[in-house]
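These notes concern the structure reproduced below.
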Amino acid sequence: MKQYNVGIIGATGMVGQRFTTLLDGHPWFNIKVLAASGRSAGKTYEEAVGTRWKISNKPMPDTVKDMVIMDAVEDMEKIGSMVDFVFCAVNLPKAEVRELEDLYANANIPVVSNNSAHRHTPDVPMVVPELNPDHLDIIAAQRKRRGTDRGFVAVKSNCSLQSYVPALFPLHEEYGVKDVLVCTYQAISGAGKTFEQFPEILDNVIPFIGGEEEKSEVEPLKLWGTIQGDVIVPATEPNFTAQCFRVPVSDGHTAAVFVRFNKKPTKEAMIEAWENFESPVGDLGLPSAPEHFLHYFTEDDRPQPKLDRDLEGGMAVSLGRLREDTQYDYKFACVSHNTLRGAAGGAVELAELLAAKGYFD
């Protein structure tokens with residue numbers, strides 16, 4: 001496979017830090033640029049991050065410690081000359097993120113974004129590689145709009161979606177997923193925090209995460225959408241309603257899912273659909289892709305974040321507790337690692353898919 005030089009925009013934050021650990025020694029991607037705001041520019045990465053390293057189970061890679069941080073805006077032209085594409089993980093207001101990503105894409109620099117700013121832009125693909133890889137076809141229309149031959153923006157979905165939407169996708173075509181009620185219990189790393197930085201979460205549950213419920217209800221419909229002309233048109237079903245809580249867990253989002261079908265399957269048919277799910281990109285050899293995307297546990301007390309979030313390098317989705325419901329057809333539980341499958345890892349796998357399809361060439 002061809003080697004690609006990459007940059008990380010927003011490298012000093014938690015997701016940016018996770019990108020450095022995932023890309024250290026990556027077989028396809030080589031980190032050439034670390035960029036952040038002007039406050040960090042000119043410092044080494046080790047100096048800029050200082051005591052704010054947040055990946056508890058992995059140290060800062062030696063390969064990036066002495067790299068000098070570049071200014072994400074002022075040095076954009078130079079960054080573009082050094083890389084084949086960039087990951088974007090900046091922590092800014094949505095309008096500023098959109099402006100920054102457009103700046104790069106319009107300058108012919110492909111952007112693989114961890115941010116939400118472009119998730120609803122009609123010609124920007126929001127892709128989970130195992131679910132809707134065909135949405136990458138819209139990039140041709142986006143490039144035409146931008147007037148670029150290489151530059152574009154592609155995004156990953158919200159981190160909590162990747163715990164429960166993958167369980168519904170294999171069931172929709174045959175049985176028709178009609179109504180979904182989901183309650184998510186989200187780890188503090190989703191807020192970019194550790195327990196030391198978030199003492200008020202201890203012995204507590206916070207029943208509000210800004211914007212999260214809207215994302216949980218709307219973004220799945222784009223994943224289920226179809227390309228029509230030069231835009232992705234979101235699906236009109238399933239109907240989602242969501243409630244989202246922040247809970248005292250370091251990593252791993254849990255979802256309690258209630259689902260109603262147009263044609264009710266048996267419990268055995270649902271488990272069979274999960275266990276036999278085959279990734280549409282499984283033959284591409286993507287380095288970050290799990291061997292088995294969906295894992296069903298038969299134990300009554302599984303899945304659990306502490307036990308199951310790191311399954312297959314944190315890139316698999318764990319399911320369990322499937323049973324009939326008194327109001328919906330079925331209910332079950334899901335767990336996924338929010339900063340691996342849900343954030344940086346999902347973006348790296350998306351970049352691998354883009355590379356395998358030649359979008360960075």
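For clarity, every value in this text was computed on a predicted model and none was experimentally measured.
In the hydrophobic clustering, Ile227 connects to Ile138, Ile232, either directly or through intervening members, whenever side-chain heavy atoms lie under 4.5 Å apart. Through direct or indirect side-chain contacts shorter than 4.5 Å among Ile, Leu, Val, Met, Phe, Trp and Tyr, Phe208 is connected to no other residue. Listed by chain and number, the hydrophobic cluster partners of Val231 are Val233, where partners are ILVMFWY side chains within reach of under 4.5 Å, directly or through others.
Although no hydrogens or angles enter the test, the distance criterion places a donor-acceptor pair under 3.5 Å between the side chain of Thr20 and the main chain of Gln17. Using a distance-only test at 3.5 Å, with no hydrogens or angles considered, a donor-acceptor pair links the side chain of Thr266 to the main chain of Ala269. Checking side-chain atoms of Tyr45 against main-chain N and O of Ala11 turns up a donor-acceptor pair under 3.5 Å. Counting only distance, with no hydrogens or angles, the side chain of His135 and the backbone of Val128 share no donor-acceptor pair below 3.5 Å. Between the side chain of Thr184 and the backbone N or O of Ala255 there is no donor-acceptor pair closer than 3.5 Å. Between the side chain of His337 and the main chain of Leu340, a donor-acceptor pair closer than 3.5 Å is present. Lys267 places no side-chain N or O within donor-acceptor distance of the main-chain N or O of Arg323, the cut-off being under 3.5 Å. In this structure a side-chain-to-backbone donor-acceptor pair under 3.5 Å is missing from Gln3 to Asn30. Checking side-chain atoms of Gln304 against main-chain N and O of Asp301 turns up a donor-acceptor pair under 3.5 Å. In terms of modelled atom types and a separation under 3.5 Å, the side chain of Ser216 and the main chain of Glu212 share a donor-acceptor contact.
Hydrophobic clustering keeps Val182 apart from Phe258 (ILVMFWY residues linked when any side-chain heavy atoms are closer than 4.5 Å, directly or through intermediates). Note: the hydrophobic cluster containing Tyr296 also contains Leu294 (ILVMFWY, side chain heavy atoms under 4.5 Å, direct or indirect links).
There is no side-chain donor-acceptor pair under 3.5 Å between His253 and Gln162. There is a side-chain donor-acceptor pair under 3.5 Å between Glu101 and Ser113.
Listed by first and then second residue, the side-chain hydrogen bond (donor to acceptor under 3.5 Å, both in side chains) pairs that reach into residues 69-81 come to none, sequence neighbours excluded. Among residue pairs with one or both ends in residues 274-285, none qualify as side-chain hydrogen bond (donor to acceptor under 3.5 Å, both in side chains); sequence neighbours excluded. Each side-chain hydrogen bond (donor to acceptor under 3.5 Å, both in side chains) pair with one or both residues in residues 352-361, not counting sequence neighbours, appears once here: Lys2-Asp361, Tyr4-Asp361, His26-Glu352, Ser288-Glu352. Identified under the side-chain hydrogen bond (donor to acceptor under 3.5 Å, both in side chains) test for residues 235-248, with sequence neighbours left out: Asp179-Asn239.
Heavy atoms only, all atoms of each residue included: Thr21 and Pro59 are closest at CG2-O, 4.3 Å. Closest non-hydrogen pair, Leu161 versus Pro166, comes out as O-CD, 3.4 Å.
Judged by the 6.0 Å and 45° rule, Arg260 forms a cation-pi pair with Tyr328.
Separating the CG atom in Asp329 from the CE atom in Met270 is a distance of 8.5 Å, to the nearest 0.5 Å. With rounding to the nearest 0.5 angstrom, the CZ atom of Phe293 is 11.5 Å from the CG atom of Leu311. Taken from CD in Glu219 to CG in Leu221, the straight-line distance is 10.0 Å, to the nearest 0.5 Å.
With sequence neighbours excluded, no residue forms a salt bridge (charged side-chain N to carboxylate O under 4.0 Å, His left out) with Asp251. With sequence neighbours excluded, the residues forming a salt bridge (charged side-chain N to carboxylate O under 4.0 Å, His left out) with Glu324 are Lys264, listed by chain and number. For the salt bridge (charged side-chain N to carboxylate O under 4.0 Å, His left out) test, residues two or more places apart in sequence or in another chain that qualify with Asp325 are Lys331. Partners of Arg146 under the salt bridge (charged side-chain N to carboxylate O under 4.0 Å, His left out) rule, at least two apart in sequence or in another chain, are Asp102.
Residue Asp310 places its CG atom among more than 12 non-hydrogen atoms of other residues, nucleotides or ligands, all under 6.0 Å distant. Within a 6.0 Å radius of CD in Glu299, more than 12 heavy atoms belonging to other residues, nucleotides or ligands are found. Other residues, nucleotides and ligands contribute over 12 non-hydrogen atoms within 6.0 Å of the NZ atom of Lys65.
Under a 4.0 Å N-O distance rule, the pair Asp300/Arg321 does not qualify as a salt bridge. Taking 4.0 Å as the cut-off between side-chain N and carboxylate O, Glu130 and Arg341 count as a salt-bridged pair. For the pair Asp123 and Arg145, the salt-bridge criterion is met [side-chain N within less than 4.0 Å of a carboxylate O].
Below 30°, between 30° and 60°, or above 60°: for Phe29 and Phe85 the angle between ring planes is above 60°, a perpendicular geometry.
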Would you mind writing out the side-chain donor-acceptor pairs for residues 46-53 within the sub-3.5 Å range, not counting sequence neighbours?
| unit_1 | atom_1 | unit_2 | atom_2 | d |
| --- | --- | --- | --- | --- |
| Glu47 | OE1 | Thr44 | N | 3.0 |
| Glu47 | OE1 | Thr44 | OG1 | 3.4 |
| Arg52 | NH2 | Ala48 | O | 2.6 |
| Trp53 | NE1 | Ile55 | O | 3.2 |
| Trp53 | NE1 | Lys58 | O | 2.8 |

